[in-house]
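For clarity, every value in this text was computed on a predicted model and none was experimentally measured. Labels below follow one simple rule: chain letters A, B, ... track the order of the sequence lines, proteins then strands, and each chain is numbered from 1.
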There are 2 protein chains.
Amino acid sequence: MLRLTKKADYGLMALKYLAEHPETPSVSAKDIADTYGIPAQLLAKVLQRLAKVGLLKSHAGMNGGYALSKAARTITAFEVIHAIDGPLFITSCTKGSKSCDLEPNCTVKEPLARVNESIAAVLKSITVYDLVDHETAVSRAAQLQQLVSLTARM
Amino acid sequence: MLRLTKKADYGLMALKYLAEHPETPSVSAKDIADTYGIPAQLLAKVLQRLAKVGLLKSHAGMNGGYALSKAARTITAFEVIHAIDGPLFITSCTKGSKSCDLEPNCTVKEPLARVNESIAAVLKSITVYDLVDHETAVSRAAQLQQLVSLTARM
DNA sequence: TGAATCCAGACCAATGAGGTCGGACATATG
DNA sequence: CATATGTCCGACCTCATTGGTCTGGATTCA
Ligand code: FES
Ligand code: FES
């Protein structure tokens, strides 16, 4: 119903891997791809994108590779997904430039934009550090669900 | 980044329309399609799907059409989207039957499942009644965002 | 130098979404 | 009852997007 692209998934996996191995100064794309068994060239392209945005620092040449440019705690899932899949959002017809021609009639767009913001907020509250240390992520999600169900019956 | 399909959008629009006109016993798909200027046959298919799941009651023949089978307040956005776009979810490789072959390695799936549940909770807290009466939906979304940002810095 | 790595872009294949068609079915009316 | 009309319903097609590959060039270090 609401699918996250595979590239974003790969990107998150790679970031988690880097966060788990802070001792090694730089890890090559091929290494990560091999450990997870995902296509190397595809992961490479994803990492390039992340480097371009500034989430990763790249180092070419031998023993080169990638390294986090910020603390794992300060990189949110929202940033990653946004960097890889672009600024797409819910509401289907948010094509950026040419907006849907039946926009004046569409009465559903505005409320859905609110939902969109809520989802973005959830993603912003998850960092790659949370991916490594499961406990915090799990408990936070539980809290969120509680809060949501609370507000739901008001 | 996280696109809702156009069909689901149409479905929500149609449900909202039905909720706004409770006096008419049944509205034809063509009528709704004309008012919003969307392809009639496509909307028809969406409505068929909703009828099959039990959210709508269909009535063939002349003066036929569709009608809500439950109170607008009890129909959640989650139900609608699930009915139209199927049980797809985040995490990209949740193909239902044959799971991704690199599932044992994928360390990111579990945390994302939590995020998924949070999003589902948000969608479950929105009903088609909320789409009609904007106020409640807006205020609820604002509350949610406040709560999220609160828990985020813990 | 040369091996290893990053980088950029074009290119192809498969999946799925958006959209269309003709037939089945139920109701109305003479 | 017969027929005409409007509706539902399932199968089909087309095209955009995604996932994935290939090529070539630039950068760094042994
Ligand atoms: S359908 Fe285009 S604005 Fe909602
Ligand atoms: S990539 Fe397949 S389970 Fe996560």
Side-chain angles (χ1 to χ4, degrees), chain A residues 1-11 13-14 24-34 36-53 56-67 69 81 84-86 88 90 92-96 98 100-102, chain B residues 1-11 13-14 24-34 36-53 56-67 81 84-88 92-98 100-102:
Chain A
M1 66 184 269
L2 207 56
R3 194 182 37 205
L4 183 60
T5 86
K6 224 164 194 174
K7 294 183 192 176
D9 201 359
Y10 292 162
M13 281 161 71
T24 60
S26 75
V27 185
S28 85
K30 189 175 184 308
D31 283 349
I32 304 180
D34 284 352
Y36 289 124
I38 60 184
Q41 315 222 31
L42 183 54
L43 179 66
K45 198 185 325 195
V46 171
L47 293 183
Q48 285 166 27
R49 213 112 155 230
L50 292 178
K52 203 170 203 173
V53 183
L56 290 179
K57 272 185 295 192
S58 67
H59 194 62
M62 277 189 122
N63 290 0
Y66 295 92
S69 68
I81 298 173
I84 297 176
D85 286 345
L88 319 186
I90 291 198
S92 70
C93 44
T94 316
K95 284 290 188 182
K98 66 146 192 165
C100 175
D101 47 348
L102 37 114
Chain B
M1 65 185 270
L2 208 57
R3 194 183 37 206
L4 182 61
T5 84
K6 223 163 194 174
K7 295 183 193 176
D9 201 359
Y10 292 163
M13 281 160 71
T24 60
S26 75
V27 185
S28 85
K30 190 174 185 306
D31 283 349
I32 304 180
D34 284 352
Y36 288 124
I38 61 185
Q41 315 225 28
L42 181 55
L43 179 64
K45 189 171 5 181
V46 170
L47 294 183
Q48 286 163 29
R49 211 110 156 230
L50 291 178
K52 203 170 203 173
V53 182
L56 290 180
K57 273 185 293 190
S58 68
H59 196 60
M62 280 186 124
N63 289 0
Y66 294 93
I81 297 173
I84 296 176
D85 286 345
L88 319 185
S92 69
C93 43
T94 316
K95 284 292 188 182
S97 52
K98 66 147 191 166
C100 174
D101 47 346
L102 37 115

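When distances run from any side-chain atom of A:Ser28 to the nucleotides D:dT23, C:dT5, D:dC9, the shortest one goes to C:dT5. With C:dT5, D:dC8, C:dG19 as the choices, the nucleotide that has an atom nearest any side-chain atom of B:Ala60 turns out to be D:dC8. For A:Gln41, whose side chain is taken as the heavy atoms from C-beta onward, the closest listed nucleotide among D:dG6, C:dC21, D:dC22 is D:dC22. Residue A:Lys52 places its side chain closer to C:dA8 than to any other of C:dT5, C:dA8, D:dG20. Minimum atom distance to the side chain of B:Ala29 is reached by D:dC8, of the listed D:dC9, D:dC8, C:dT27. In this structure, of C:dC7, D:dA30, D:dC8, it is D:dC8 that holds the atom nearest to the side chain of B:Tyr66. Distance from the side chain of A:Thr5 is smallest for D:dG19 among the nucleotides D:dG19, D:dG10, C:dA8. Comparing C:dC7, D:dG10, D:dG19 by their nearest atom to the side chain of B:Gln48 picks out D:dG10.
Using a 4.0 Å heavy-atom criterion, one finds that B:Lys45 contacts the bases of the nucleic acid, with or without backbone contacts as well.
Counting heavy atoms from C-beta on, the side chains of A:Asp85 and A:Leu4 come closer than 4.5 Å.
Here D:dT18 presents its P atom at 14 Å from NZ of A:Lys6, a figure rounded to the nearest Å.
Between A:His59 and D:dC29 there is a side-chain polar atom (N or O) within less than 4.0 angstrom of OP1 or OP2. Between A:Ser58 and the phosphate of C:dC7, there is a side-chain N or O to OP1/OP2 separation shorter than 4.0 Å. For the pair A:Tyr10 and D:dT18, the criterion of a side-chain N or O lying under 4.0 Å from OP1 or OP2 is not met.
Two residues, B:Leu47 and A:Leu42, neighbour DNA chain D, and the one matched to the more 5' nucleotide by heavy-atom proximity is B:Leu47. Taking for each of A:Pro39 and B:Asp31 the nucleotide of DNA chain D with the nearest heavy atom, the 5'-most of the two is the partner of B:Asp31.
A pairwise comparison of heavy atoms in A:Val46 and A:Gly11 identifies CG1-CA, 3.8 Å as the closest pair. For B:Ala14 against B:Leu43, the heavy-atom pair with the smallest separation is CB-CD1, 4.1 Å. Closest of all the heavy-atom pairs between A:Ala44 and A:Tyr66 is O-OH, 4.2 Å.
At least one donor-acceptor pair closer than 3.5 Å links the side chain of A:Ser28 to the backbone N or O of A:Asp31.
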